[in-house]
Protein chains: 2
Amino acid sequence: MAPDLPIEERLVASGVRYTKARRAVMAELFRSAGPRSAAELYQAMRRSIPLSSLYRTLMVLERVGVLTPHHGSRGLTRYEPAEWLSGHHHHLVCVECGSVEDVAVSPADERRMRGLLGSIAGRVGFEPGGHTLEVEGRCVRCS
Amino acid sequence: MAPDLPIEERLVASGVRYTKARRAVMAELFRSAGPRSAAELYQAMRRSIPLSSLYRTLMVLERVGVLTPHHGSRGLTRYEPAEWLSGHHHHLVCVECGSVEDVAVSPADERRMRGLLGSIAGRVGFEPGGHTLEVEGRCVRCS
DNA sequence: TTCCTTGCAAACGATTTGCATTGGA
DNA sequence: TCCAATGCAAATCGTTTGCAAGGAA
């Protein structure tokens, strides 16, 4: 479920309102098992919000930092709650149907990952910030 | 430089020709330090190939498996030679300007990565195939 | 009253496609 | 000769924006 209070604080601090439509989008994304595109949300929410408003909503929510965009197969942009809200995780991308699912990362694995990042980026004088790991494979339904 | 022979074999085996335009695109991509979008190639190649043909070329080269697409910021699709041609590597994505650069991965790091992948995907019954790692940060020019 | 939000329609930019033409084996 | 490949223009698709109307503080 969407932790409304910290989200609302964040929006208000940025001078925007936490409206019904915005709450509905956050709720839908928290209900989802992975990032969702505007079109997917549009369907899931029974067209209750016009597409253009949906896009604007996503833009606002991204700008204030409660949503993170991901650019996936076919060039679609999918959104999900920012990591400070949902915790760090990675993605499993099905090479068959293109669906994307979240996977949690254990603290031990995350530690290993940080070590790796330093080793990889360090060699080219690139200061590593966040990272995105997508594991390709076949999802349960497609295999 | 583009290893023309294995590429040509691959195309011919798929029943398509390795034409001048296709060679030029492969050459340009091998010359690049990271994945390139159709628009970037169009510029780099001095508009010598019409955009629509360029897109068709990229489609064919992807279909036969000599190019791999990457979907980046702003929804742009960038291509680079498939890993069986160029070797495995990861990407450094500049959060400032959106540019993407390749980084090689040492055998040791790659081994660590494989271990991690198994640990991450294994827990959800997902059979891990390839993977994509993007490290975000600020590139040399932007920092 | 003052801004923020919304809806609708039109505009955009990236990519794709129809069709007639060209070119290579 | 024959089918793949090309160029151009028009069509698509996801996404963004202008503008007038609606709503909350």
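Just so we're on the same page: letters track the sequence lines, and every chain starts at 1.
Nucleotide dT6(C) holds its P atom 8 Å from the CD1 atom of Ile49(A), rounded to whole Å. Taking atom NE2 of His71(A) as the reference point, atom P of dG14(D) lies 16 Å away to the nearest angstrom. A straight line from CD of Glu8(A) to P of dA24(D) spans 14 Å, rounded to a whole angstrom. Counting to the nearest Å, the C1' atom of dT6(D) and the OH atom of Tyr42(B) are 14 Å from each other. Rounded to whole angstrom, the span from the CD atom of Gln43(A) across to the C1' atom of dG14(D) amounts to 14 Å. Atom-to-atom, OH of Tyr18(A) to C1' of dA25(D) comes out at 19 Å; the value is rounded to the nearest Å. The nearest whole Å value for the distance from the CG atom in Leu41(B) to the C1' atom in dA14(C) is 14 Å. We find that CG of Leu11(A) is positioned 14 Å from P of dA25(D), with the value rounded to whole Å.
The shortest non-hydrogen separation linking Tyr42(A) to Leu51(A) is CE1-N, 3.8 Å. Considering all non-hydrogen atoms of both residues, Glu40(A) and Pro35(A) come closest at OE1-O, 4.0 Å. Between His89(A) and Glu83(A), the shortest heavy-atom distance links the atoms N-OE2, 3.6 Å. Residues Leu61(B) and Arg22(B) approach most closely at CD1-O, 4.2 Å, considering heavy atoms. Taking both residues in full, the closest heavy atoms of Phe126(A) and Val135(B) are given as CE2-O, 3.9 Å, listed atom of the first, atom of the second, then distance. Shortest non-hydrogen contact noted between Ile120(A) and Val103(B) is O-CG1, 3.6 Å.
Closest to the side chain of Arg17(A), out of dA24(D), dT15(C), dG14(D), is dA24(D).
Nucleic acid contact class of Ala21(B) (heavy atoms, under 4.0 Å, all strands): sugar-phosphate only.
Applying the 4.0 Å criterion to OP1 and OP2 of dT6(D), one finds that Thr19(B) has a side-chain N or O inside that range. Put simply, Arg22(B) has a side-chain N or O that comes within less than 4.0 Å of OP1 or OP2 on dA5(D). Proximity of Thr77(A) to the phosphate of dT15(D): a side-chain N or O atom is located under 4.0 Å from OP1 or OP2.
Not one N or O on the side chain of Arg17(B) forms a donor-acceptor pair closer than 3.5 Å with the backbone of Val12(B).
Contacts between residues 50-70 of chain A and DNA chain C, defined by a heavy-atom separation below 4.0 Å, involve Pro50(A), Ser52(A), Ser53(A), Arg56(A), listed by number.
Aromatic pair His131(A)/His90(A): centroids less than 6.0 angstrom apart.
The rotation axes computed at either terminus of the helix from dT1(C)-dA25(D) to dA25(C)-dT1(D) lie 30° apart, taking five pairs at each end and rounding to 10 degrees.
Evaluated for a side chain to side chain contact (heavy atoms under 4.5 Å, CB included) with Arg36(B), the options Leu58(B), Leu76(B), Leu41(B) yield exactly one hit, Leu41(B).
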